[in-house]
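Ligands are counted one by one from 1 in listed order, and the atoms in each one are counted from 1 as well. Note that the coordinates shown come from a computational prediction; the quantities given were computed from them, not determined experimentally.
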Amino acid sequence: MTIKKIHLKDKKEKTPLRGHPWIFSGAIQDRDAGIDDGDIVSVCDSRGNRLGCGYFNSKTRIAVRMLCFGSQEFTPDYLRMLIRTAVGKRTGSPLLRNTDSYRIIFSEGDHIPGLIVDSYAGHLVMQCLTLGIDRLRETIVNILNDEIKPASIYERSDHEGRSLEGLDPVLAQRYGTTPHDLVMHEDDMKYYVNLLQGQKTGFYLDQRDNRALVRKAAEGRDVLNLFCYSGGFSVAAALGGARRILSVDSSGPALDLAKKNMDLNRVNTPTDFLQADIFQFLRDETITGDFIILDPPALAKTRASVHNACRGYKDLHLQVASKCPAGTVILTCSCSRFIDMRLFQMVIFGAFTDAGRKASIIGKYAQPCDHPTNIFCPETEYLKALLLHVE
Ligand code: SAH
């Protein structure tokens with residue numbers, strides 16, 4: 001079967017020539033008749049030279065996500081090579097020796113746009129984010145089985161972004177049986193993870209390095225863990241010798257899991273849990289903690305929402321900055337891809353200026369090694385964290 005072609009407008013070849021995998025719809029000059037959404041297409045410059053191939057969707061602003069560049073053809077063997085490379089990056093890494101759970105495939109970060117696979121103690125959770133990847137599902141499951149020999153594979157394709165692709169959510173057991181209450185290990189910490197219903201694929205694997213940081217920084221501190229979810233940071237703080245911990249989240253099931261996780265780790269630090277809207281909580285309550293963890297959900301989910309998201313981040317920091325005692329340490333995180341470190345820092349700067357408080361940055365952090373940033377696709381860099389010291 002010959003692959004149909006799309007031609008880019010003059011000069012628009014620069015992006016794929018640099019290895020960036022996204023072709024926006026506005027960059028396309030014309031396309032062969034009969035290309036369906038989800039098809040693999042050849043991408044050519046305006047003179048007909050082949051730039052590579054990718055999968056097409058007319059419904060999304062990113063019309064093509066590139067799977068290979070130059071004269072390389074996209075075949076099941078090529079996909080197997082990409083998956084094998086991604087797996088090899090993790091399984092051989094001394095940086096991941098302290099855990100049995102990590103991300104094995106990170107979409108564009110591993111040159112497979114639209115595919116996420118996380119491994120929890122040998123059980124895989126996969127997410128197909130795009131129509132192009134949906135079409136490759138069966139091949140992907142077969143390759144994962146061959147290359148990883150997992151205990152099970154569960155598909156959690158319930159990411160909200162799928163609706164933009166014209167796709168419904170899919171939840172399905174693809175291989176074996178995935179347990180409801182799996183326990184994962186990270187250093188000597190243990191966490192219950194709900195792979196079938198928990199947030200994301202069950203756990204915030206991307207905060208692993210920051211959990212280690214919290215564990216180091218928490219000694220003797222009164223910790224306020226805001227947006228705690230299943231208590232990842234609370235357990236780390238407790239094992240790091242925190243004096244007291246208050247964990248806050250708006251989700252009841254998240255707090256139940258956080259409690260279970262504290263028990264699982266036999267934490268005897270005085271610990272409280274509070275179900276509350278944190279924006280309101282910060283307005284109403286005085287802050288007693290002197291180590292505050294701020295890890296809200298992505299407040300900017302689209303480029304258009306950046307302005308409002310910045311107001312949200314500023315509001316949170318303004319409340320904290322106005323109320324926290326001198327000497328407080330704050331770990332503040334943003335997982336909004338559309339807000340880069342410079343903008344994040346500017347928003348925090350604005351909040352502290354308005355609050356009339358002095359603070360300094362004593363650490364800057366990013367996502368861990370199993371969430372690699374594709375150097376040709378800076379958009380894959382999304383997690384930012386700052387450790388602040390308030391005077
Ligand atoms: N820090 C967590 C991950 C946080 S994810 C970890 O390391 O595991 C964001 C969390 O914020 C979710 O658990 C969600 O339930 C909660 N959340 C979202 N909006 C909220 C709000 N307005 N007030 C309180 N919690 C909120």
Looking at [X], which atoms of ligand 1 are within less than 4.0 Å of one of its heavy atoms?
X	result
Ser251	15 (O)
Ala276	23 (N), 24 (C)
Cys228	2 (C)
Asp277	21 (C), 22 (N), 23 (N)
Gln199	5 (S), 12 (C), 13 (O), 14 (C), 15 (O)
Phe233	1 (N), 7 (O)

Under a 4.0 Å heavy-atom limit, does [X] contact ligand 1 with its side chain, its backbone, both, or neither?
X	answer
Tyr204	side chain
Phe281	neither
Phe279	side chain

Exercise. Between Gln345 and Lys364, is any side-chain donor less than 3.5 angstrom from a side-chain acceptor?
Worked result: yes

Problem set entry | Exercise: do Gln197 and His180 side chains pair donor with acceptor under 3.5 Å | no

When you compare ligand 1 with [X], is there at least one nitrogen or oxygen pair between them that comes in under 3.5 angstrom?
X	value
Arg211	no
Ile278	yes
Asp249	yes

Problem set entry | Contact summary for Ser101 and Arg208, nearest pair of heavy atoms | O-NH2, 3.3 Å

Side-chain ion pair, [X] and [Y], N-O less than 4.0 Å:
X	Y	value
Arg162	Asp134	yes
Lys59	Asp37	yes
Asp110	Lys89	yes
Asp222	Arg244	yes

For this session: Could you tell me the separation between the CZ atom of Phe281 and the CG atom of Leu246, rounded to the nearest 0.5 Å?
Result: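 The distance works out to 5.5 Å.
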
For this session: Quick one: look up the protein heavy atom nearest atom 26 (C) of ligand 1 and list residue, atom name and how far away it is.
Result: Ser250 OG, 3.1 Å

Problem set entry | From CA spacing to verdict: side-chain hydrogen bond (donor to acceptor under 3.5 Å, both in side chains), Glu165, Asn57 | CA-CA 7 Å; Glu165 296 269 335; Asn57 192 342; 2.9 Å; yes

